[in-house]
2 protein chains.
Amino acid sequence: MTPRPVAVLVVIFTVSAGGLQVLLIRRSAEPFKDALSLPGGLLNPGESLQDAAVRKLDDETGLTDVFLEQLYTFSDLDGRGAVAVAYFALVDVSATHLARRREWLPGWCPVQNLPDLAFHNEDVIDYALQRLRAKLDYSNVAYSLLPEEFSLSQLQRTYEAIAGRPLDKRNFRKRILSLDIVEPTGRVASEGRHRPAQLYRFRERKPVVF
Amino acid sequence: MTPRPVAVLVVIFTVSAGGLQVLLIRRSAEPFKDALSLPGGLLNPGESLQDAAVRKLDDETGLTDVFLEQLYTFSDLDGRGAVAVAYFALVDVSATHLARRREWLPGWCPVQNLPDLAFHNEDVIDYALQRLRAKLDYSNVAYSLLPEEFSLSQLQRTYEAIAGRPLDKRNFRKRILSLDIVEPTGRVASEGRHRPAQLYRFRERKPVVF
DNA sequence: CCAAAAGTGTTGGCTGTACACCCATGT
DNA sequence: ACATGGGTGTACAGCCAACACTTTTGG
């Protein structure tokens with residue numbers, strides 16, 4: 001048993017409906033048939049871990065050019081044998097095209113009140129959430145959760161959904177602007193029936209650490 | 001090739017001779033026979049990743065109760081096929097008993113001026129060093145690099161060896177003491193031919209984050 | 001004119017950094 | 001007596017958190 005099955009798991013987060021959501025699928029095979037779990041699967045021959053994670057993410061969301069990072073490698077999720085390398089990804093819900101399978105559809109689930117999941121996948125999600133919260137404080141990862149153009153209020157709502165608590169508006173804007181990770185586009189958003197908002201975009205659409 | 005060989009690698013750091021050192025071995029088998037590399041090996045049947053890393057660490061140093069953390073999982077170190085899960089460990093050099101094999105002995109090598117290593121192991125060490133430097137700033141990991149009792153000057157030298165730059169003595173002491181991670185033992189060190197130093201010990205001999 | 005969200009500054013506390021001298025010991 | 005490392009305090013600057021009102025728009 002020295003050569004072992006190697007799988008990748010992907011924790012795909014998005015912010016939607018004011019909350020942080022994670023993508024779950026319904027398993028169509030044993031073990032844990034019909035239980036909910038994270039998307040994942042075995043490596044193809046010759047495939048690297050990163051490639052497998054990108055492939056899985058693409059399968060489920062149709063996206064490839066988003067934040068995707070290795071999280072942790074588990075060897076005890078199925079009790080024995082298999083090694084599972086977990087990744088986590090951040091996607092803009094408005095850009096995703098969820099897979100439409102004959103079997104149970106994948107769907108978004110709020111990270112508050114997760115149901116019971118196969119293979120202790122709750123632990124994997126908890127770990128990913130910790131990492132995401134930490135990275136929010138010292139990197140621009142949120143670029144991958146929003147459309148190209150967005151208002152500072154939208155950005156703040158995204159941060160609040162992840163942090164799980166309200167943030168002070170003036171302090172938030174001061175901090176984001178002083179970090180110089182976003183720039184105004186010159187355009188304004190007329191969406192909503194309220195005062196139009198200045199739109200911004202991230203200077204870099206790839207991970208940057210402060 | 002879906003089931004794959006799974007190996008663990010261990011980056012074992014210590015501070016000695018005023019510098020940060022890493023444990024290297026000389027390979028006795030192909031590929032890269034006779035090249036230097038990190039210690040590592042395949043998982044035994046039924047063994048978890050953590051268990052394999054602990055076993056490897058014990059093989060090389062005789063230590064088991066030290067800081068050991070998963071680092072990253074590589075799938076391209078040997079060009080193809082094998083998956084290598086890297087761990088990193090911190091040991092007190094005065095407590096280690098290096099393995100004495102018939103083959104080439106393991107030995108400490110300063111992380112400044114590493115030689116060429118098998119399997120791009122330099123990259124693994126660089127990554128581990130980044131992580132170590134980061135953790136030094138927000139955790140008590142240094143507990144695993146020092147004997148039970150130590151002076152604040154010793155602790156400072158340890159921090160300086162890892163950071164790679166001198167630190168201000170008064171600021172260092174203020175910070176460490178205000179973090180409340182160490183406590184005085186009441187004993188003093190008469191070692192050296194100079195003024196005796198107050199000895200301290202870590203309150204927790206396990207990882208704590210600030 | 002009302003509801004809803006956008007936008008905007010100041011203050012006080014805390015934290016991190018720079019900086020220099022005296023003391024105890026062994027040789 | 002001198003060389004070596006141990007031990008100590010202050011002052012300034014930058015950062016973060018708390019806090020409330022005005023403006024613009026659509027309905």
Side-chain angles (χ1 to χ4, degrees), chain A residues 15 17-19 133-134 136-140 142 146-147 149-201 209-210, chain B residues 15-19 133-140 142 146-147 149-201 209-210:
Chain A
V15 173
R133 285 185 171 143
L136 205 58
D137 287 338
Y138 64 86
S139 79
N140 68 342
L146 292 164
E149 300 197 344
F150 53 88
S151 68
L152 289 185
S153 296
Q154 268 179 277
L155 183 62
Q156 180 171 349
R157 284 190 292 269
T158 301
Y159 270 70
E160 287 174 332
I162 296 170
R165 66 194 160 92
L167 301 174
D168 179 86
K169 199 198 312 193
R170 282 171 292 186
N171 292 337
F172 180 78
R173 293 164 108 87
K174 223 183 321 168
R175 187 165 74 92
I176 295 296
L177 293 175
S178 77
L179 287 173
D180 210 53
I181 56 173
V182 297
E183 59 189 6
T185 64
R187 296 160 51 89
V188 293
S190 317
E191 57 176 318
R193 55 187 162 298
H194 308 301
R195 177 175 178 182
Q198 178 58 241
L199 292 178
Y200 292 79
R201 84 176 119 241
V209 294
F210 316 148
Chain B
V15 173
S16 170
R133 285 185 171 145
K135 292 202 89 116
L136 205 59
D137 287 337
Y138 64 89
S139 80
N140 69 342
L146 291 164
E149 301 196 345
F150 53 87
S151 68
L152 290 185
S153 296
Q154 269 179 277
L155 183 62
Q156 180 171 349
R157 284 190 292 268
T158 301
Y159 271 68
E160 287 174 332
I162 296 170
R165 66 194 161 95
L167 302 174
D168 180 86
K169 200 199 308 194
R170 282 170 293 187
N171 293 338
F172 179 78
R173 294 162 107 88
K174 223 183 321 168
R175 186 165 75 92
I176 295 296
L177 294 175
S178 76
L179 288 172
D180 211 53
I181 56 173
V182 297
E183 60 189 5
T185 64
R187 296 160 50 90
V188 294
S190 317
E191 57 175 320
R193 56 189 160 294
H194 308 300
R195 179 176 177 180
Q198 177 59 242
L199 292 178
Y200 291 80
R201 85 177 118 238
V209 293
F210 313 148

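Values in this document were obtained by computation on a predicted structure and should not be read as measured data. Just so it is clear: chains get the letters A, B, ... in the order the sequence lines come, proteins before strands, and each one is counted from 1.
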Of all the heavy-atom pairs spanning B/T158 and B/L146, show the shortest one and how long it is. OG1-CD2, 3.4 Å
For the atom pair CD1 (A/I181) and OH (A/Y200), what is the distance rounded to the nearest 0.5 Å? 12.0 Å
Rounded distance (Å) that lies between atom C1' of D/dT8 and atom CD of B/Q198: 14 Å
Taking donor-acceptor contacts at under 3.5 Å, does the side chain of A/H194 reach the base of D/dT25? no
Say you draw a straight line from CZ of B/F210 to OG of B/S139; how long is it, rounded to the nearest 0.5 Å? 6.0 Å
Specify the residue among A/N171 and A/P196 whose closest nucleotide of DNA chain D lies further upstream toward the 5′ end. A/N171
Taking N and O atoms by type only, does the side chain of B/R170 place a donor or acceptor under 3.5 Å from a partner on the base of C/dA20? yes
Taking 4.0 Å as the cut-off, does a side-chain nitrogen or oxygen of B/S153 come that near to OP1 or OP2 on D/dG5? no
Distance check needed: C/dT8 P versus A/Q156 CD, whole Å only. 14 Å
Rounded to the Å, how far apart are A/F172 CZ and D/dC15 P? 18 Å
Taken to the nearest whole Å, CG/B/L167 to C1'/C/dG16 is 13 Å
Rounded to the nearest Å, what distance is computed from the CZ atom of residue B/F210 to the C1' atom of nucleotide C/dT15? 15 Å
Pairwise 5' ranking along DNA chain C for B/S178 and B/D168, keeping only the more 5' one: B/S178
Between the side chains of B/E160 and B/R165, is the shortest nitrogen-to-carboxylate-oxygen separation below 4.0 Å, so that they form an ion pair? no
Regarding D/dT10, can its base be found pairing with the side chain of B/K174 as donor and acceptor, where the two atoms are less than 3.5 Å apart? yes
Rounded to whole Å, the CZ-P distance (A/R195 to D/dT22) equals 14 Å
Starting at CZ of B/F150 and ending at C1' of D/dG5, how long is that distance when rounded to a whole Å? 18 Å
Determine whether A/I162 and A/V15 make a side-chain contact, defined as any pair of heavy atoms from C-beta on separated by less than 4.5 Å. yes
Mind calculating the distance between CZ (A/R175) and C1' (C/dT8) to the nearest angstrom? 18 Å
With a 4.0 Å cut-off on heavy atoms, is B/R173 in touch with a base, just the backbone sugar-phosphate, or nothing at all? base
From the set C/dG7, D/dA17, D/dT8, return the single nucleotide nearest to any side-chain atom of B/K169. D/dT8
